[in-house]
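A short worksheet on the structure shown next.
In each ligand, atom 1 is the first atom listed, and ligand 1 is the first ligand listed.
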Amino acid sequence: MIEVTDLTKLYGSTRAVSGLTFRVKPGQVTGFLGHNGAGKSTTMRLILGLHTPTAGKALINGVRKQELRDPMREVGAMLDAAEVQGGRSAFAHLQALAYAGGIGRRRVVAVLEEVGLAGAARKRIAGFSQGMRQRLGIAAALLGDPGVLILDEPVNGLDPDGIRWLRTLLRSLAAEGRTVLLSSHLMTEMSLTADRLIIIGRGRLIEDTTTADLLARFQSGVLVRSPHAARLSRALEAAGATIRPAEGADAGEEPVPGRPAEAGVDVRPIRDVGAGAGLLVTGLTAAAVGDIALANGCGVHELVSRRTSLEEAFMEITR
Ligand SMILES: Nc1ncnc2c1ncn2[C@@H]1O[C@H](COP(=O)(O)OP(=O)(O)OP(=O)(O)O)[C@@H](O)[C@H]1O
Ligand SMILES: [Mg+2]
């Protein structure tokens, strides 16, 4: 369990983290999201006792990191995979960490195997690719077989196999009852990996929710493409739907009259064009959209139900 309470960190006049409160519970993967500079890495450093909070506190299993009796077995972390002495071999690097933490050689062999570096164990880290360094960082985090894992952008640089491997690993570690906190900018991956999401902006909490609840809150919609987009759009609006032009919609001649400008909604006029302009429809099923198109003599070139992606939800929330 990680408990962050009223956590604040100032760097000079920069408020990196501001009155942040959240819990990261065992048994689930928690994703930590926020734009560049939002304060994710700073929060992780504060939790790990690498920086001192200006105010508030961050506890791991009820105590500050410095007060953990057996830190390597309680918490494993990867903050910056690049911060490793290049002259050593992967094995020597992990062996040194293991020695410091009172962990046996057998565990070093096991984690190298786990992260897929067994074959490169004796190679100098200086010659490692970015993905190999990332795997080595994950190996170091796993070394103490810890109950709490904190990983800052662990997916960076991993190949598709590696991304899938890490997803499976983190989900199984959580299923064993461990606490897993990871940050990432890869939204699709996050939506597949994380049960819960903590979203911050400018050091402040924006959302603390389950991934499923967050996605459910953002209405799904229907994408319809028609050469008679303007007529179709009027008919759909008359049936109670809300219409937005889909990304990449073509420009044509006939603007839709009288569409109110809503805050934050794209209000480019929807026009009829030969190629078929795209409309994003909310408030109607794909079947209803198809029926209305037919009833109004509007040809349909594409008709798809779409779910809001985590990326879209994130952009909306953090706008
Ligand atoms: N050691 C430091 N000294 C001064 N300012 C810092 C320091 N570390 C972070 N900051 C500032 O704190 C803010 C938060 O940075 P942080 O690295 O925590 O963001 P982040 O959410 O991890 O971003 P990213 O997605 O880019 O990794 C930024 O404005 C950053 O410039
Ligand atoms: Mg960061």
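Close approach of ligand 1 to Thr14 is summarised as follows: ligand atoms under 4.0 Å from at least one heavy atom of the residue are 29 (O). Atoms of ligand 1 lying under 4.0 Å from at least one heavy atom of Arg45, given by number and element, are 8 (N). Near His185, meaning under 4.0 Å from any of its heavy atoms, are these atoms of ligand 1: 25 (O).
Taking the six-membered ring where tryptophan is involved, the planes of His35 and Phe314 are tilted, since the angle between them lies from 30° to 60°.
Here the protein heavy atom with the shortest distance to atom 12 (O) of ligand 1 is Ala16 CB, 3.2 Å. Protein heavy atom closest to atom 6 (C) of ligand 1, with residue, atom name and distance, is Tyr11 CD1, 3.2 Å. When hydrogens are left out, the protein atom nearest atom 17 (O) of ligand 1 is Ser41 CB, 3.8 Å; that is the closest non-hydrogen contact.
If you check the side chains of Thr308 and Glu312, you find no donor sitting under 3.5 Å from an acceptor. In the model, Gln134 has no side-chain atom that pairs as donor or acceptor with a side-chain atom of Asn156 under 3.5 Å. Between the side chains of Arg15 and Ser18, at least one donor-acceptor pair of N or O atoms lies under 3.5 Å.
Under the 4.5 Å side-chain criterion, counting only non-hydrogen atoms from C-beta, Met78 is not in contact with Asp152.
Ion pairing of Asp159 with Arg135 is present here, as a side-chain N (NZ or NE/NH1/NH2) and a carboxylate O approach within less than 4.0 Å.
For Met44, no heavy-atom contact with ligand 1 is shorter than 4.0 Å. When heavy-atom distances to ligand 1 are checked against a 4.0 Å cut-off, Glu153 comes that close only through its side chain, counted from C-beta outward.
Residue Asn61 is tested with Glu67, Arg69, Glu3, Glu74 for a side-chain hydrogen bond (donor to acceptor under 3.5 Å, both in side chains); the sole match is Glu74. Test Leu59, Ile47, Leu46 against Arg64 for side-chain contact (heavy atoms from CB on, under 4.5 Å) and you get one pass: Leu59.
Heavy-atom neighbours of Glu311 CD from other residues, nucleotides or ligands within 6.0 Å: at or below the threshold of 12.
Taking a distance limit of 4.0 Å, we find that atom 2 (C) of ligand 1 is approached by some protein heavy atom. When distances from atom 31 (O) of ligand 1 to the protein are checked, no heavy atom turns up under 4.0 Å.
Taking 2.8 Å as the criterion, Ser41 counts as a coordinating residue of the Mg ion (ligand 2), since one of its N, O or S atoms falls below it.
Backbone and side-chain nitrogen or oxygen atoms of Gly37 are examined, and one is located within less than 3.5 angstrom of a nitrogen or oxygen of ligand 1. Of the polar atoms of Ala38, at least one N or O is found under 3.5 Å from an N or O of ligand 1, judged by distance alone.
Look at His35 and you'll find a heavy atom under 4.0 Å from some atom of ligand 1.
Counting only non-hydrogen atoms, the option in Asp80, Asn36, Thr42, Thr43 that gets closest to atom 16 (P) of ligand 1 is Thr42.
A donor-acceptor pair is defined here as one N or O able to donate and one able to accept, closer than 3.5 Å; no such pair exists between the side chain of Lys57 and the backbone of Val4.
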